[in-house]
Amino acid sequence: MMRYSRIIGTGGYLPEKIVTNDDLSKTLDTSDEWIQTRTGIRQRHIAAPEQETSDLALIASQRALANAGLAASDIDLIVVATTTPDMVFPSTACILQDKLGIHNSGAAFDVQAVCSGFMFALATADRMVASGMAKNALVVGAETMTRILDWNDRGTCILFGDGAGALVLQASETPGILSTHLHSEGRQRHILNAPGQVRDGRIYGTPFIHMDGGAVFRFAVQVLAESTQEALAHNGLQPSDIDWLVPHQANARIMDATAKKLGVPPERVINTVAGQANTSAASIPLAMDHGVRHGCFKSGQLLALAAVGGGFAWGASLVRWG
Ligand code: UT7
């Protein structure tokens, strides 16, 4: 009886173009020292003009499929988490499905929960696989966040980068994903948003990211730790049982504060933010792929994934590796 899903492959892709903090300081009143001290970020990758979000997703997905030892035709579910879809519709997942050459096989759709989107995609795909609706799912986080940045706003434009990460989930008799716990609080939507609207052939409101950095920081640290605690309690586990914390890669200080609250030592936290900045929904699968490629995760280890983003929306998931 297949009651669970487990991760059988990971893949990631970062666009070739790199913009360092020093590059930014040439056109913006900022410095490498300020950015590194406040965020831990050293550089970010930026998609080429002709690269769509689905193109980043495609490479990450192909790598995840190769890592899993599956062909694209084995996939019968695609869930893409993105805030920066290729277009209003169809979904980036449908475009990715076509680019992967998958036809007449299962569902493909997007979920949108900004930086926490991957947790929502993972929970959806996990439950669909565990219930028998699909056998092999591609769960993708893919973003071109740098396209919705105001490059004159030094409080936001230094924070984000582009990229994509993908996991392959397969039906399994043993976990896998132990559980995922999701939350949203729309009342906090004003502290992080991109309130522009496409209407009557025009954009109304600002299409760029707007953020109250301090409020986001406080909220993020609180809910990342809380939702991880909730997931642990649900499974009768303790923070000391966590072998690896894989948090949303927003900012090194948010990750440090969350790990400290949970009592997870820094060497047990996957941290890719220096080289990638905040890639929104892509950050957790990219961090997972980083962990896999660096041989961090051993069979039987407990991974705690946690993310938070605009909405507000947040969630945590526990994964038994291997
Ligand atoms: O997925 C969630 C995404 N969001 C986040 O992760 C953001 C969470 N928030 C943060 O990480 C921090 O709030 C920031 C890094 C964004 C800002 O750090 P802060 O310590 O909260 O700084 P602040 O906004 O209070 O600004 C302090 C000073 C201000 O100057 P004055 O008014 O004191 O003269 C800012 O104008 O720093 C200035 N400042 C900058 N200076 C140099 C803001 N951005 C920059 C910059 N370079 N890039």
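Whatever order the structure lists them in is the order used to number ligands and atoms, beginning at 1.
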Over all heavy atoms of both residues, which pair between [X] and [Y] is shortest? Give the atoms and the distance, please.
X: Cys94; Y: Ala108; value: SG-O, 3.6 Å
X: Phe118; Y: Ala281; value: CB-O, 3.4 Å
X: Val79; Y: Ala125; value: CG2-CB, 4.1 Å
X: Gly141; Y: Pro285; value: N-CG, 4.1 Å
X: Leu232; Y: Gln238; value: CD2-O, 3.6 Å
X: Gly165; Y: Ala282; value: N-CB, 4.1 Å

Checking contacts now, so for [atom], which I'm interested in, is there any protein heavy atom under 4.0 Å?
atom: atom 28 (C) of ligand 1; answer: no
atom: atom 19 (P) of ligand 1; answer: yes
atom: atom 14 (C) of ligand 1; answer: no
atom: atom 22 (O) of ligand 1; answer: yes
atom: atom 25 (O) of ligand 1; answer: no
atom: atom 33 (O) of ligand 1; answer: no

| said: Show, in sequence, the C-alpha distance, side-chain angles and deciding distance for Asp110 and Thr82, and conclude whether the side chain to side chain donor-acceptor pair (under 3.5 Å) test is met. | reply: CA-CA 7 Å; Asp110 289 359; Thr82 187; over 6 Å; no

Any N or O on [X] sitting closer than 3.5 Å to an N or O of ligand 1?
X: Gly213; result: yes
X: Arg38; result: yes
X: His248; result: yes

Measure the distance from [atom] to every protein heavy atom, then report the residue, atom name and distance (to 0.1 Å) of the closest one.
atom: atom 3 (C) of ligand 1; answer: Asn278 ND2, 3.5 Å
atom: atom 36 (O) of ligand 1; answer: Arg154 NH2, 2.8 Å
atom: atom 47 (N) of ligand 1; answer: Thr30 OG1, 2.6 Å
atom: atom 6 (O) of ligand 1; answer: Ala250 CB, 3.5 Å
atom: atom 7 (C) of ligand 1; answer: Met211 SD, 3.5 Å

Under 4.5 Å between side-chain heavy atoms, hopping through other hydrophobics if needed: is there a path connecting [X] to [Y]?
X: Leu182; Y: Val319; answer: yes
X: Phe219; Y: Leu192; answer: yes
X: Ile209; Y: Phe217; answer: yes

Sub-4.0 Å atoms of ligand 1 with respect to non-hydrogen atoms of [X]:
X: Cys115; result: 1 (O)
X: Gly155; result: 16 (C), 44 (N)
X: Gly214; result: 13 (O)
X: Ile158; result: 48 (N)
X: Ile254; result: 6 (O), 8 (C)

Checking contacts here: is it the side chain or the backbone of [X] that comes within 4.0 Å of ligand 1, counting heavy atoms only? Could be both or neither.
X: Thr39; value: side chain
X: Asn251; value: side chain
X: Thr156; value: neither
X: Leu28; value: neither

| task | Could you point out which residue of Asn278, Thr279, Thr83, Thr53 forms a side-chain hydrogen bond (donor to acceptor under 3.5 Å, both in side chains) with Glu143? | result |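 Result for side-chain hydrogen bond (donor to acceptor under 3.5 Å, both in side chains) with Glu143: Thr83.
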
| task | Identify the residue among Gln249, Gln276, His248 that makes a side-chain hydrogen bond (donor to acceptor under 3.5 Å, both in side chains) with Ser283. | result |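 Single pass found, and it is His248.
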
| request: Please confirm whether Asp29 comes under 4.0 Å of ligand 1, counting heavy atoms of the residue only. | output: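 Yes, Asp29 has heavy atoms under 4.0 Å from ligand 1.
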
| said: For Gly309, state whether at least one heavy atom is located under 4.0 Å from any atom of ligand 1. | reply: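 Judged by the 4.0 Å heavy-atom criterion, Gly309 does not count as contacting ligand 1.
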
| message | Less than 4.0 angstrom from a charged side-chain N to a carboxylate O is my criterion; do Lys135 and Asp74 meet it? | response |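 Salt bridge between Lys135 and Asp74, a charged N being under 4.0 Å from a carboxylate O: no.
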
| request: Have a look at Trp34, Trp314, Phe160 and point out the one with the heavy atom closest to atom 43 (C) of ligand 1. | output: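 Of the listed residues, Trp34 has the closest heavy atom.
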
| said: Please determine whether the number of non-hydrogen atoms from other residues, nucleotides or ligands lying under 6.0 Å from atom CZ of Arg3 exceeds 12. | reply: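 12 or below, so no.
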
| request: Please state whether the rings of His183 and Trp314 are parallel, tilted or perpendicular, taking 30° and 60° as the class boundaries. | output: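 Parallel.
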
